[in-house]
Number of protein chains: 2
Amino acid sequence: MGRPKTPLLSLARMASAALDIVDTDGLDGLSMRRLATVLGVQVASLYNHVRNKDELLHEIGNQIMSQVDVTGFRDGDWREGIATWARSYRAALRAHPNMVPFLATGPGRRETALQRANAVHGGLVASGWPPRQATLIGASTKYLVVGAAMTSFGRGFDDDVQVYVDRYPHLGQAHKLRAHADEIDDEAFELALLSFLDGLERRFTELREAR
Amino acid sequence: MGRPKTPLLSLARMASAALDIVDTDGLDGLSMRRLATVLGVQVASLYNHVRNKDELLHEIGNQIMSQVDVTGFRDGDWREGIATWARSYRAALRAHPNMVPFLATGPGRRETALQRANAVHGGLVASGWPPRQATLIGASTKYLVVGAAMTSFGRGFDDDVQVYVDRYPHLGQAHKLRAHADEIDDEAFELALLSFLDGLERRFTELREAR
DNA sequence: ACCTCCAAACGAACACTGTTCGCTAACATA
DNA sequence: TATGTTAGCGAACAGTGTTCGTTTGGAGGT
């Protein structure tokens, strides 16, 4: 067949179609052959635009991560900065639950991720946190977001939701279950985030008083 | 060949050998054929003891999760209860980093996990937390542990560690990098856990004063 | 205008995966 | 002693990611 007049494929088109498949049929649902079929093309052609399946997934990951907002540190309010970062981070993951296992497992070498980490670190230091503490806080916050994403919309129902439902069987109507899970999930994340921030605030004032 | 005089296989032996493979060569390194070879047996034989590869992984998961300690709630100290639970939970995951992606992704229907969740919930309620709050706290804590496990020993180096190292290039000697990453990881987890507990404590006293 | 080189499609194959089938031989039970 | 279950085996199936060699369109240089 040879080279077509206008290219049939592009990295962007591939990533977009692949993400569609992952969103609807899960990470396991994505195979190179299936992606090729969707794009109306043969498998081998894909490898003209991508070295690996892994590279394709990383491309998708970059797109998703670009939604994360680290502008909250602008006016030197570290509390606000962390909060908007954490919430937008979580929202980005929630938008594509099936990608969470890959995003969480993936190496920290993702370009965009490193850039965000840098912004967060800089923002914290600018607000008065010592560099070392800034690093720790950045890591801790990420733990929270990734953990929340993994255990809740990473897969089916949560143990804790299950326990809650078991103890309140009158809530057990199947059609309400999902809604309650989401509600509990949101509240648990907010509780964790705000409690964590309160704890940090206490440490922050202690640190300022010490000098 | 027919049935041997003494069984060559057992679920325990399979799970143990499989865990060895995963520990040394990662989750992808485990294939049924390879497991069979290690056990000196043919592939098909494995399926006499296990319905699925997934079932095998769940068996391993149960073994790991049985190491988690929820006895800290005994004397009504919820703070101590959460702390020992979270730390032992994290330790169990750290012992087998390559299993973390599976354990975190896996359904919450794991028997042992559900049992632990119940113990935690009960302990918190017994210490004076309202049931709903107890559920949220249980979920939040799990977020923290799973997140910490995923992003640090789930794979390679952390973004934040990278940022830290970039800013302090004199620490960049390769042989010290891993040690520093571990150190930062430990500290970040402790910071997150203790800050979170502090935040909870504040809420707890507010809640007691309100009545 | 010719020649060359690269890009982007294809078809066919390779090595690998999880899983199922039918077969055989030993043990347990009635 | 007969019967059924258990636990091995060998071969096969459908599916996976990836690579190879081939074909052809188009861009750039002489």
Side-chain angles (χ1 to χ4, degrees), chain A residues 1-61 98-99 101-103 105-107 155, chain B residues 1-61 98-99 101-103 105-107 155:
Chain A
M1 178 211 203
R3 189 184 191 182
K5 318 194 283 184
T6 71
L8 307 180
L9 258 34
S10 79
L11 185 60
R13 230 170 75 77
M14 283 175 56
S16 166
L19 182 52
D20 279 353
I21 296 180
V22 171
D23 279 343
T24 64
D25 281 356
L27 211 52
D28 292 342
L30 175 66
S31 81
M32 297 303 267
R33 284 179 168 81
R34 178 163 174 203
L35 176 59
T37 322
V38 166
L39 293 170
V41 112
Q42 294 299 108
V43 202
S45 311
L46 301 179
Y47 289 86
N48 286 318
H49 303 259
V50 151
R51 203 184 308 268
N52 270 342
K53 182 182 184 183
D54 229 58
E55 190 174 301
L56 175 65
L57 288 171
H58 272 94
E59 176 63 25
I60 301 176
N98 296 335
M99 280 294 294
F102 175 81
L103 291 173
T105 306
R155 180 76 146 87
Chain B
M1 179 212 203
R3 189 184 193 183
K5 316 193 285 185
T6 71
L8 307 180
L9 258 36
S10 79
L11 184 60
R13 230 170 74 77
M14 283 175 56
S16 166
L19 182 52
D20 280 352
I21 295 179
V22 172
D23 279 343
T24 65
D25 281 357
L27 210 53
D28 293 342
L30 175 66
S31 81
M32 298 303 268
R33 282 178 170 81
R34 178 162 176 205
L35 176 59
T37 323
V38 166
L39 294 170
V41 112
Q42 295 300 106
V43 203
S45 310
L46 300 178
Y47 289 84
N48 286 320
H49 302 259
V50 150
R51 203 183 307 269
N52 270 341
K53 183 182 183 181
D54 229 59
E55 191 174 301
L56 175 65
L57 288 171
H58 273 95
E59 176 62 26
I60 301 176
N98 296 335
M99 279 295 294
F102 175 82
L103 292 172
T105 306
R155 180 78 145 85

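Just so we're on the same page: letters track the sequence lines, and every chain starts at 1. Everything numeric in this text was worked out from a predicted model, so none of it was measured.
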Atom pair distance, as rounded to whole Å: CE in B:Met14 and P in D:dA7: 12 Å
Can you tell me if the side-chain N/O atoms of A:Lys5 get under 4.0 Å from OP1 or OP2 in D:dG25? no
To the nearest angstrom, the CD-P distance between B:Gln42 and D:dA12 comes to 14 Å
Quickly work out the A:Leu30 CG to D:dG15 P distance and round it to whole Å. 16 Å
Nearest-0.5 Å distance, CG of residue A:Leu11 to CG of residue A:Asn48: 12.5 Å
Any base atoms under 4.0 Å from B:Val41, or only sugar-phosphate, or nothing? Heavy atoms, all strands. sugar-phosphate
Tightest non-hydrogen contact, residues B:Val50 and B:Leu56, listed as CG1-N, 4.1 Å
Mind calculating the distance between CD (A:Glu55) and P (D:dT18) to the nearest angstrom? 10 Å
Looking at the side chain of B:Ala44, which of C:dT20, C:dT19, D:dG17 is the nearest nucleotide? C:dT20
Please tell me which of the listed nucleotides, C:dC10, D:dG8, C:dT20, lies nearest to the side chain of B:Leu9? D:dG8
Within the 4.5 Å heavy-atom criterion, are A:Asn52 and A:His58 side-chain neighbours or not? no
With the side chain defined as heavy atoms from C-beta on, B:Pro4 is closest, among C:dA9, C:dC14, D:dA7, to D:dA7
Of all the nucleotides listed (D:dG8, C:dT17, C:dC10), which has the minimum atom distance to the side chain of B:Ser45? D:dG8
Distance in angstrom units between A:Met32 CE and C:dC16 C1', rounded: 16 Å
Separation of A:Leu46 atom CG from D:dC20 atom C1', in whole Å? 16 Å
Could you give the CZ-to-P distance, from A:Arg33 to C:dA13, as a whole number of Å? 13 Å
Between D:dG25, C:dT19, D:dT18, which one does the side chain of A:Val43 approach most closely? D:dT18
Out of curiosity, A:Gln42 CD to A:Thr37 OG1, how far, rounded to the nearest 0.5 Å? 8.0 Å
Tell me the interatomic distance from A:Asn48, atom CG, to D:dT23, atom P, rounded to whole angstroms. 16 Å
